[in-house]
Amino acid sequence: MSYPFQKIEKKWQAFWEKNKFYQAKDFDKKPKKYILIEFPYPSGDGLHVGHVRSYSALDAVSRKKRMEGFNVLYPIGWDAFGLPTENYAIKKGIHPSIVTKRNIAIFKKQLKSLGLSFDWSREINTTDPEYYKWTQWIFLQFFKHGLAYQAEMPINWCPSCKIGLANEEVIDDKCERCGAGTEKRKIKQWLLRITKYADRLLKDLDTVDYLEKIKIQQQNWIGKSEGATIKFPILMTSDVINIEIFTTRVDTIFGVTAIVIAPDHPLVDKLSVKDRDEVKKYIGIAAKKSDIERTEAEKEKTGIFTGSYCLNPANGEKIPIWVGDYVVAAYGGGAVMMVPAHDKRDYQFAKKYNLEIKEVVSGGNIDSEAYVDYGVLINSGRFNGLKSEEAIKKIIEWLEKKDSGKMTIQYKMRDWIFSRQHYWGEPIPIIHCEKCGTVPVPEKDLPVKLPFVKKYEPSKTGESPLAAITEWVNTKCPKCGGPAKRETDTMPNWAGSSWYFLRYIDPKNKKSFADFKKLQYWTPVDLYNGGMEHTTLHLLYSRFWHKFLYDIKLVPTPEPYAARRSHGMVLAEDGRKMSKSFGNVINPDEIVKNFGADTLRMYEMFMGPFDQMISWNTQGVVGLFRFLNRIWQLKEKIKIGKKISYPAEPETLLHKSIKKISEDLDDMKFNTAVSQLMILANNLEAREKLPISVYETFLKLLAPLSPHIAEELWQQLGHKKSIHLEKWPEYNSRLIKEEQFDLVIQINGKFRDKISVSQGITKEEATELSASQEKTQNWLKDKKVIKTIFVPGKLINFVTDDTSFET
RNA sequence: GCCCGGGUGGCGGAAUGGUAGACGCACAGGACUCAAAAUCCUGCGAUCGCAAGGUCAUGAGAGUUCGACUCUCUCCUCGGGCACCA
C-alpha cells in the first residue's frame, strides 16, 4: 500500500490557496527576495517535464527563503504572443486569442497540480491589452528618445513563414521557427538601437552575479574589439573617394595585397569596373545567399577583381580592389584589407587567385601557412624591428597624423530588428501621416488594440495581415488631423518578455507600468533562472530595456537581475529531444497521477546536476516514490518514542544534514540535497526510537522539496500552523565536529590503512601512532622514511626513499 | 573553422588536490507469501586470491605534486552555440 498522495496533495493545495500565504506583501517589514523563473510560452503541447524541473527548483529555493524569514515574491505569468500559437491557429482555424486562452487554462491546471508556491494574484499575460498597453508605451519612449527607428535594409527573409527574421532568429541558415532556408530581402523595418548600449551591457556584467559561462557568452555576443579604421583612397581620375576598412592588425598593413569589399557595399557601383557584367553576375548570386551561407567556414572563399585600384596609405602601393561574398556589410564597414601572409582566410584566398603573399611579421613560415600570431615587424619601412603590440600603437598614431586612420572600437552586436509582419503580436503604436511623417500614437490612446479579425495568415506580399484591415489602418493623424495610416507591423515576442518581471511588482496599475516606490522595494530580481538558449536573446534584450528605463528614471536600478543561473534541458529516455514526432514525450500529468507531485518534483531534483542536460528515466521515478513511502512510515516510530524517555543521542548527522541541505539549496545543488535527505532518513529509520524534535527537523528539511507530504506529516503531529511558515532549522557547528575521526595512513600517497583518532591530534602523535600500526610497519619494512606529510583532520603520508616497488 | 560545456561501474550520478564510485536505479541471493506483487535484509567496478589482502581502473597520452577524477599541455570523442568579425 502506498501513501495516499492523491488525497493529501489536493487537500493541501486547497489549504494553501485559501490561506494565501504565498502572496508576497508589498513594503513588508521582512527583507525581500524576488525569485524569478522564465515565464512559459503556453504552447498546445501542454506542460513539459522540463518546466517542472526549473519551477520545482526555484520553488524549493522560494520555500526555503520564506522559512528563513524573507518576504518572497515568486510570480508566474504567460508569454503568449508569437508564431507557434499563430501557426497552430492557422492550421486549426481557431483564433489565436482563443487558442491562447485554452492553452493557458491547461497550463494553469497542470501547474496547480504540482503545488508550486507561485503568487497567483500577480499572474500576467503579455497578450492582455492591459499588459501590452505598457509594452507599447515603453516602445513610444524608445521612439521619443531616438532609439527606435526605421531603416530600409537587407534582412533575413523566410520564404515559408513569409516574415523578416532577426539575425538572432536564424539558426544554421534556417528559420528558427519553421526550419525553412532563409534568403535576403530588403524591407523597411523598425529597429531598436541596442548598439548604443553595447559598452554598458558589456561593462555592467562586472556588477552582476551571473554564471561565468553566461557572462562569457554575452561578452562574445557583444564582441567588443579595439582596432583601427583606415582609409584607402580609390585611384580614379575624378573626385577623391576612400574605402574605409576596419582591422585589429594594423601591424600588418605593409603586407596588404588587396582590399576586399562586400557585394552590397555602397561603393561597388562607383568603382570603374573592368567587366561590369561579370561583376554584376557575381554580386547577383551573392545577394541571394544568406549571411550564414555566404560566410560558412568550410566553404571555399570566392571573389572577383573589380578592375579598380586604391592606394595603401602606409607605403603608397597600388592595391587591387576585389569583391568577396565572405565580407559582411554590416560589420566593420563592409570592407577588409587582405594580408595573406598573416590571416588564414586571406592566405587561402590569395592562393586561389594568385595574389602576392608578403611577409611583414616574422616568426612563421609563410611558404606553408599563414602566420597569425604576433611577432617582430619586417618589410615595414620605419617600423621594422618593432614588436606587433608596439607597432599597432605607433602605426595608428602615424596614420592619425596623416589623417589616414584612427583608433576605433567595433562591436559585433547589431541593432535589434523589431518589426514582424505578423498578426499575433503587439501592434507598433505609430501612425504614418503624409504631411507629418511618422507620428507616435498619443499615450492616452493606448493600447492600440489588436483588431479581432477572421484572417490572420501572413500575406504573400510580406506585409502584415493587419494591412488588409482598411477600417483599422485608415485613421486620423494625431498631429494635423488629416488622413493617415497605422503602422501594420507588430512587435517580436521578445518585446513582452523584456520587461515582464517589472509588471509582477504592480500588475494592476492603471497609471504606469509599475509604481516607482514598489519598484524600489522589489528590484532588482535577486535570482533569475532560465535556459541557456535565452542568454543572448531574451537576457540581453531585457537588460537593454531595463537600462533604458533606468536612464529615463523609471526604474531604480541599472541592472534588472542581480543573479542569473541556468538549468539544463530534460531530454527523452532515448537521449533525444522530447517530440511528438519521436513519440517519446513524457506527460507530467501521468507521473502526478501515478506517483504524486511530490515524487515527480523530488525525482526531477534528484535526477542530476541542475545546470546540465539530462535524460528522463521512468525507472528512476520509482526510487523517489519508495523514498516518500518510507518517510510516510517513519511516523510510526514517533508513537513509541513519545512514551519512553531516553537519553539524547548526539545528533551529528542531523546537524551535518542541516548544513549540507541548506548550502546545497543555496548553491542549486538539488541532487545532493535530496541525497542527504535520503541518508538522514535511513538513519532515522534505523533507530529504535525517534525523538520528536529530530523528526520535526527532518520534516522541515523536506518541506521545500516535497511540500505536500511534509505538510501532512507535520499537521498529523497536531500542529495547526503550516510547516511552510515554520523557521528553517539552524545547525549547531559544535555538533558537526566529531570528537574522533578516521585518520588515513598513506605510504607514498597510497591509501594503506585508517585509524580512529581524536580531533586535536598533533603531527608527532599521529606519526608515532601510525608508525606503530602493524600494517604500516609491514609496508615500511626495509624502507627509509624520508618525509612525513601530515594534514590535520585528514591524513598522514609517509614518503620513502625507494618507491620502485610501489609504482 | 572559432567559442562554451561534457566524457567516472550495467545506468543516472557523488567526490574540485588527500580512502574513487556517496545516493538512487537495474541486477543477483535471501526473508515474508499457497503464489505473485509490494516490502524488508544482503551482495553488487575489473582482476588475482580459500582468506587476509594485493593489483588495475575516472576518454587517450604526457607533465606538475609526497599525493591528480580534480591543476597544466597535446590528442580523441560527444553535446551546445556561432555572425569566417578582419
Side-chain angles (χ1 to χ4, degrees), chain A residues 1-2 167-168 170-172 212-214 216-217 219-221 223 225 227-228 245-250 252 260 290-292 294-299 301 324-328 330-333 335-339 342-346 348-349 372 410-414 532-533 535-536 568-569 571 575 602-603 606-609 611-624 626-627 629-630 633 669 671-679 681-682 685 742-754 775 778 785-789 791 793-800 803:
Chain A
M1 266 291 283
S2 63
N167 288 321
E168 295 89 328
V170 180
I171 289 172
D172 278 345
E212 203 49 37
K213 59 179 173 181
I214 295 173
I216 291 168
Q217 225 174 297
Q219 279 162 8
N220 291 348
W221 188 266
S225 69
I245 64 100
F246 175 73
T247 181
T248 54
R249 293 296 303 272
V250 202
T252 64
V260 186
S290 70
D291 266 9
I292 294 157
R294 276 171 46 186
T295 56
E296 213 158 19
E298 292 77 21
K299 211 193 65 185
K301 318 305 175 211
D325 69 357
Y326 65 94
V327 178
V328 179
Y331 184 81
V336 299
M337 63 184 206
M338 168 137 56
V339 187
H342 305 291
D343 183 288
K344 277 186 188 165
R345 185 192 54 203
D346 293 350
Q348 206 183 328
F349 196 89
V372 298
Q410 279 282 338
Y411 296 93
K412 288 188 202 173
M413 190 169 64
R414 300 172 198 167
M532 275 309 283
E533 70 274 18
T535 302
T536 45
M569 243 197 300
L571 301 173
M602 285 289 263
Y603 167 66
F606 184 65
M607 67 200 300
D611 62 344
Q612 274 170 45
M613 195 186 272
I614 197 144
S615 295
W616 181 266
N617 179 355
T618 299
Q619 287 278 21
V621 178
V622 177
L624 279 298
R626 281 188 200 138
F627 175 55
N629 274 295
R630 294 213 327 262
Q633 299 301 329
K669 292 172 168 174
N671 53 336
T672 49
V674 173
S675 159
Q676 190 63 34
L677 274 172
M678 288 172 170
I679 292 167
N682 285 342
E685 230 173 11
D742 285 344
L743 180 77
V744 167
I745 301 171
Q746 295 183 340
I747 316 283
N748 294 323
K750 275 201 169 170
F751 171 82
R752 291 305 175 195
D753 201 4
K754 61 183 175 190
K775 272 192 194 170
N778 283 339
V785 174
I786 53 168
K787 199 169 165 188
T788 307
I789 287 149
V791 183
K794 272 192 175 148
L795 62 85
I796 187 155
N797 184 16
F798 296 106
V799 185
T800 67
T803 59

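Letters go in sequence order (proteins before strands), and every chain restarts at 1.
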Self-check item: N/O donor-acceptor pair under 3.5 Å between A:Tyr603 side chain and A:Gly623 backbone
Solution: no
Practice problem: Summarise how protein sits on nucleotides 15-30 of chain B as a single string, 5' to 3': B when a protein heavy atom is under 4.0 Å from the base, S for sugar-phosphate-only contact, - for no contact. | Solution: ---BB--BBSSS----
Quiz item: Of the nucleotides B:rC56, B:rA83, B:rC66, which one has an atom closest to the side chain of A:Lys412?
Solution: B:rA83
Exercise. Quick one: pull up CG in A:Leu624 and CG in A:Leu677 and give me the separation to the nearest 0.5 Å.
Key: 10.5 Å
Quiz prompt | Whole-Å C1' distance, B:rC75 and B:rC66 | solution = 29 Å
Practice problem: May I ask you to decide if A:Asn748's main-chain N or O and A:Asn797's side chain share a donor-acceptor pair within less than 3.5 Å? | Solution: yes
Quiz prompt | B:rG79 pairs with, by Watson-Crick or G-U criteria that keep both distances under 3.5 Å | solution = B:rC4
Quiz item: For the side chain of A:Ser225, counting heavy atoms from C-beta on, which of B:rA83, B:rC66, B:rA86 is nearest?
Solution: B:rA86
Self-check item: Touch class at under 4.0 angstrom, heavy-atom based, for A:Met413 against every strand present
Solution: base
Exercise. State, yes or no, whether a side-chain contact exists between A:Ile796 and A:Ile745 at a heavy-atom distance under 4.5 Å.
Key: yes
Quiz item: Which whole number of Å gives the distance between the C1' atom of B:rA52 and that of B:rA20?
Solution: 23 Å
Quiz item: Taking the same atom, C1', in B:rC25 and in B:rA36, what whole-Å distance lies between them?
Solution: 22 Å
Exercise. State which residues pass ring-ring contact (aromatic ring centres under 6.0 Å, His included) with A:Phe798; sequence neighbours excluded, sorted by chain then number.
Key: none
Self-check item: Atom P, compared across B:rG59 and B:rC48: separation rounded to whole Å
Solution: 24 Å
Quiz item: Taking the C1' atom of each, how far is B:rA15 from B:rC34, in whole Å?
Solution: 48 Å
Self-check item: A:Lys787 side chain near B:rC66 phosphate (N/O to OP1/OP2, under 4.0 Å)
Solution: yes
Self-check item: Straight-line distance of A:Thr247 OG1 to A:Gln410 CD, nearest 0.5 Å
Solution: 11.0 Å
Quiz item: How far, in whole Å, is B:rG24 from B:rU72 if one measures between their P atoms?
Solution: 34 Å
Quiz item: Paired with B:rG43 by Watson-Crick or G-U wobble geometry, both distances under 3.5 Å: which nucleotide is it?
Solution: B:rC27
Quiz item: Closest nucleotide of RNA chain B for A:Ile614 versus for A:Met337: which of these residues is on the 5' side?
Solution: A:Ile614
Quiz item: More 5' along RNA chain B: A:Gly223 or A:Met613, using each one's nearest nucleotide?
Solution: A:Met613
Quiz prompt | B:rG67 glycosidic torsion: syn (within 90° of 0) vs anti | solution = anti
Quiz item: When rounded to the nearest 0.5 angstrom, what is the spacing between CZ in A:Arg630 and CG in A:Asn682?
Solution: 5.0 Å
Quiz item: If the C1' atom of B:rG45 is compared with that of B:rA31, how far apart are they to the nearest Å?
Solution: 28 Å
Quiz item: Looking only at atom P, what distance separates B:rG7 and B:rC71, rounded to whole Å?
Solution: 11 Å
